[in-house]
Every structure is written in structure tokens, then in C-alpha cells.
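The basis for the numbers below is simple: all heavy atoms, side chains too, and nothing from hydrogens, waters or symmetry mates. Bear in mind that the values here come from a model prediction, so they are computed numbers and not experimental data.
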Amino acid sequence: MLERCVEAGGLGNEMNNNLTTSGGGAVQWREPERVIAVLRVLVVVSLALLVAFGTPVNRTYLTFGCILIGLAGVYAIYVLRANLRGRPLSQGWMTAVDVALTVLLTAATGGASSMVVALIPLAVVASAVRQGLKSAMLAALGTGALFAAVTLAVSRPEISLHHRIEVALWWCCYFVAFAVLTGSLRRVLDREHERTVRAKAEVMAEHAEAAEERDLRARLLEVQRLREEGLRVLLHEFRTPVSSLAALARSLTVPGRLDAERRDEAINLVAAHARHLTDMLDGLADLAIETGNPRGIPRIRRTFVQDLAQASLTSAGIPAEHSTVSLEPSGALIYCDEHRVRRIMTNLLENAHRHGSSRVVDLRIVCTRSSLTLEVGDRGPGLLTAKHTSAILGRASSDERAPVEGLGLWIVEQLVSALGGTFSLEPREGGGLLARVVIPLS
């Protein structure tokens with residue numbers, strides 16, 4: 001988790017803005033390197049001023065010194081431009097050039113008595129800042145050896161050999177001391193920076209784990225909500241056919257209550273309700289196995305619209321004298337998901353009958369080659385306006401404690417959406433409500 005956060009998060013980008021890595025794997029700091037590049041230019045300017053206006057000892061080898069200052073100037077400007085453009089240069093190569101130019105300028109400006117010798121520790125410090133303790137130690141030893149050779153080689157009458165040896169040993173020891181001190185400080189800073197980065201990464205990891213835990217808790221709550229919602233849907237959908245079956249069973253068990261014709265009709269209705277319950281159980285199996293939603297898997301069947309309308313009226317418990325049915329055309333035969341269409345029609349009829357003050361419920365079905373239109377109208381007191389119904393739909397779909405009675409129209413909306421149709425509610429002329437469903441047919 002820690003490594004993932006450092007790589008993927010903003011912390012890694014922040015580190016990359018401040019750090020680069022050289023070929024040898026040493027961590028390089030861009031901002032200090034830029035400061036070193038600027039100081040290098042200023043050092044060259046100071047050397048030019050020293051040679052031009054300093055004491056004569058600084059012009060011991062004037063021609064050689066001027067050439068070296070010119071080369072050092074070109075080199076300093078090149079490094080600064082490369083740094084400003086974001087083009088990294090080889091750190092080992094720059095350290096070698098810095099040391100070589102500084103030691104040669106020391107030789108050109110008086111050797112052991114030159115003031116330029118004070119610049120050599122700057123090259124060692126720069127090497128330690130750029131490359132760390134180990135590279136700085138190697139640079140210090142190499143610089144000390146080169147400086148000793150130059151000091152002993154440049155002979156001046158006023159400086160004895162003993163003094164030149166003394167100067168060489170003195171500065172060689174301090175070159176190493178500068179390297180050790182700067183490299184050690186660099187190592188301490190690196191460790192502190194690493195600790196800070198790790199602490200930030202751990203905080204990010206904790207935040208990520210907390211976010212994952214919140215997401216998991218939210219998903220579990222959503223699953224629980226959907227489960228309870230599904231149970232309410234099942235309760236609502238099974239209640240109507242079970243109530244009708246109970247009423248038919250009571251009628252069939254009372255001797256002489258039904259004549260032969262009505263008894264046969266009641267038996268056919270029992271069979272239709274049993275088939276309807278079977279279809280709903282199939283939908284429940286779909287919910288548990290396939291889709292994970294209360295709409296199930298579509299099953300296209302060849303259906304007579306007249307039979308579908310009669311079965312829906314019976315399931316909704318609407319007597320013949322309390323309903324009117326209009327079919328256009330009469331005797332229409334369609335291919336559709338009979339189970340879903342029947343659930344839609346039954347819910348609309350049941351809702352109209354319940355809220356229509358026991359007045360006549362009008363059912364109009366229009367079939368075309370491309371669509372099936374269902375219109376269910378009631379003549380109630382107008383209490384169920386479109387706005388009120390929308391409130392019921394919203395409450396049933398969002399409130400986990402919504403009553404079962406508020407689910408009928410929400411179920412209709414879900415089923416119509418699953419069939420790719422449209423569902424609308426509007427006030428009816430003369431009072432009441434008109435529910436219209438348009439379902440495309442293939």
C-alpha cells in the first residue's frame with residue numbers, strides 16, 4: 001500500500017519535481033544544482049577581476065591564466081543554460097572539470113601562494129551536494145593529489161620547497177574534511193527527507209484505506225437497501241394473485257354458489273393465476289441468479305390482447321360492472337413479454353380501482369405494428385394528481401421505510417423502463433387520472 005501510494009499519488013509527483021537520478025543512481029537536487037551553476041558563473045567573474053586588478057602574483061602565468069578563465073567562462077555559461085532548460089549533465093564529468101579548472105587556475109595564479117586555492121573546497125562541497133559522501137571522498141582525494149602536484153611543480157623564489165609541501169598537505173587534509181562534513185550533512189538531510197516522504201505516504205495510505213472502508217460500507221448499505229426494496233416488491237406483486245386465488249377458492253368450495261359456466265370460468269382463472277405466480281417465481285430466480293434487479297429476464301410470448309386484459313382485470317379484483325374495455329383492433333395478437341405487460345396492466349388497474357372511489361375504471365388498449373398503448377383512467381375525486389403520484393414514486397424508490405401500497409406505480413415505472421417504453425400520468429377531463437403506457441413491439 002505504501003509503495004503504491006508513493007508511485008500513484010501526488011506525493012510521487014512532488015518528489016519528482018525536486019529530484020532526479022543520475023546514471024550512478026545518486027539522488028540529485030535540482031534547486032541546489034541551479035544554485036551551484038549560478039555560483040560557478042560568479043566565481044569565473046571574480047577570477048577575471050582578480051587577474052585583471054589583483055596583485056602581480058596573480059598574473060604569474062598571465063597568458064595561460066587568461067585562456068583558462070575564458071574556457072571556464074564558456075563552461076560555466078553552458079552548464080547554466082543546460083540547467084535552466086532542464087537538460088541534466090553528467091555529475092561526475094562536471095566534478096572533474098570543476099576540479100581540473102580550479103587547480104590549473106591555482107597554478108596560473110601563483111601556486112602555493114595563490115588565492116584561488118580557496119575555491120577548490122567549493123568544488124569538493126559541490127561534488128558532495130550532488131553525489132553524496134562516497135563520490136565526494138574520491139573527488140577530495142583526487143583533488144588533493146592534483147593540487148599537491150601543481151603546488152610542488154610551480155616554483156617561486158620566495159617560496160621554499162618546505163613551505164610548498166606544508167601547503168599541499170594542509171589543503172589536502174582539509175579537502176577531505178570538507179568532503180566528509182558536507183557528505184555527512186547530505187546523508188542526514190537525505191534520511192530526514194526519506195522519513196518525511198514515508199510519513200506522508202503512510203498518511204496517504206491511511207486515507208486510502210479509510211476511503212475504501214467507506215466505499216465498502218456504502219456498497220453494503222446499498223445492497224441491504226436493494227434487498228429490502230426487493231422484498232417489498234415481492235410482497236406487493238404476490239399479494240394480488242394470492243388474494244384472488246383465496247377468493248376463487250372460497251367460491252369453489254361452497255356448493256351451489258357457482259353454476260357450471262361460472263365454475264369453469266373460475267377454474268380457468270385459478271389456472272391463470274397459477275401461471276402468473278409461476279412467472280413471478282421465474283422472475284425471482286432471475287433476480288437471484290442473473291440480473292440482480294427486480295425486473296427479471298424478458299420472456300417473449302404469443303399473446304391475445306383480449307385474454308391479457310381480462311386476466312389483468314381479474315387479478316386487480318375489478319368486477320365487470322365496474323370496468324369498460326376498449327380494444328383497437330379487437331382480437332389483436334401480439335408478441336410481447338406477457339408477464340411484464342400483465343404486471344404493468346394489473347398494477348395500473350388496481351391503483352385506479354383503489355383510488356377511484358369504486359367508480360368505473362376505463363381500460364383502452366391500442367395495438368399497432370410497432371407499439372402497444374395502454375390507457376387506464378379513473379373517475380376518482382382527483383386526489384391522485386400527477387404531482388402527488390410523482391411524490392409517491394420518489395418516496396417508494398428512495399425511502400427504505402416506504403409502505404408497500406406506494407410501490408405499485410414505481411414498479412410500473414421500472415417495468416416500462418425495462419421494456420424501453422414510456423409512462424405518463426395526467427389529469428383526466430371530468431375529473432380523475434389517466435395513466436398512459438406506450439411499449440414498443442418488435
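The side-chain heavy atoms of E350 and I318, taken from C-beta on, include no pair separated by under 4.5 Å. When side chains are defined from C-beta on, V361 counts as touching V376, because their heavy atoms get closer than 4.5 Å. Within the 4.5 Å cutoff, the side chain of L372 has heavy atoms near those of the V341 side chain. Side chains of L216 and E212 form no contact here, defined as non-hydrogen atoms less than 4.5 Å apart. E375 has its side chain out of reach of I365: every pair of non-hydrogen atoms, C-beta onward, lies at least 4.5 Å apart. Put simply, the side chain of V116 reaches to within 4.5 Å of the side chain of L50, judged on heavy atoms. Under the 4.5 Å side-chain criterion, counting only non-hydrogen atoms from C-beta, T324 is not in contact with L363. Side chains of L133 and M137 form a contact here, defined as non-hydrogen atoms less than 4.5 Å apart.
Taking a cutoff of 4.0 Å between a charged side-chain nitrogen and a carboxylate oxygen, R40 and D98 qualify as a salt bridge. Under a 4.0 Å N-O distance rule, the pair R191/E194 does not qualify as a salt bridge. Taking a cutoff of 4.0 Å between a charged side-chain nitrogen and a carboxylate oxygen, R219 and D215 do not qualify as a salt bridge. Between E213 and R217 there is a salt bridge, since a side-chain N of the basic residue sits under 4.0 Å from a carboxylate O of the acidic one. Salt bridge R302/E338: absent, no basic N to carboxylate O contact under 4.0 Å.
At most 12 heavy atoms of other shown residues, nucleotides or ligands fall within 6.0 angstrom of atom CZ in R369. Around the CD atom of E222, the shell of radius 6.0 Å holds more than 12 heavy atoms that belong to other residues, nucleotides or ligands.
When every heavy atom of G331 is checked against every heavy atom of F304, the shortest pair comes out as O-CD2, 4.5 Å. Of all the heavy atoms in A72 and L101, the pair that sits closest is CA-CD1, 3.9 Å. When all heavy atoms are compared, the tightest approach of L434 to R428 is N-CB, 4.3 Å. The shortest heavy-atom contact between A179 and A136 is CB-O, 3.5 Å. Nearest heavy atoms, P440 versus V438: CD-O, 4.1 Å. Of all non-hydrogen atoms in I120 and F147, the two that sit nearest each other are CD1-CD1, 3.6 Å.
The structure places OG of S326 at 9.5 Å from CG of D362, a figure rounded to the nearest 0.5 Å. In this structure, L419 CG and L441 CG are separated by 9.5 Å, a value rounded to the nearest 0.5 Å. Taking CD1 of I439 as the start and CD1 of I344 as the end, the distance is 4.0 Å to the nearest 0.5 Å. Atom CG of L146 sits about 9.5 Å away from atom SG of C172, to the nearest 0.5 Å. Put simply, CG on L327 and CZ on R364 are 10.5 Å apart, with the number rounded to the nearest 0.5 Å. In this structure, CZ on R342 lies 10.0 Å from CZ on R301, to the nearest 0.5 angstrom.
Counting only distance, with no hydrogens or angles, the side chain of N83 and the backbone of V79 share no donor-acceptor pair below 3.5 Å. The backbone N or O of G432 sits nowhere less than 3.5 Å from a side-chain atom of D378 that would complete a donor-acceptor pair. When atom types are taken as modelled, the side chain of Y78 and the backbone of G73 share no donor-acceptor pair closer than 3.5 angstrom. A donor-acceptor pair under 3.5 Å is absent between the side-chain atoms of S127 and the main chain of A123, judged by distance alone. When atom types are taken as modelled, the side chain of S417 and the backbone of Q414 share no donor-acceptor pair closer than 3.5 angstrom. Within the 3.5 Å criterion, the main-chain N or O of T102 finds a donor-acceptor partner in the side chain of T106.
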- Message: Using the rule given for side-chain contact (heavy atoms from CB on, under 4.5 Å), can you reason through C367 versus V305, listing the C-alpha separation, both sets of side-chain angles and the distance that settles it, and then say yes or no?
- Response: CA-CA 9 Å; C367 298; V305 178; 3.6 Å; yes

- Query: Could you go step by step and tell me if V325 and L313 meet the side-chain contact (heavy atoms from CB on, under 4.5 Å) rule?
  - Reply: CA-CA 10 Å; V325 180; L313 286 167; 3.5 Å; yes

- Task: Applying side-chain contact (heavy atoms from CB on, under 4.5 Å), run through L89 and R87 and close with a yes or a no.
- Result: CA-CA 7 Å; L89 300 175; R87 294 185 301 178; 5.6 Å; no

- Query: Would F423 and L348 count as a side-chain contact (heavy atoms from CB on, under 4.5 Å) if you check the C-alpha gap in whole Å, the side-chain angles of each, and the deciding distance to 0.1 Å?
  - Reply: CA-CA 11 Å; F423 173 42; L348 291 177; 4.0 Å; yes

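Relative ring orientation between Y174 and W171 is described as perpendicular, the plane-to-plane angle rising above 60° on a 0-90° scale split at 30° and 60°.
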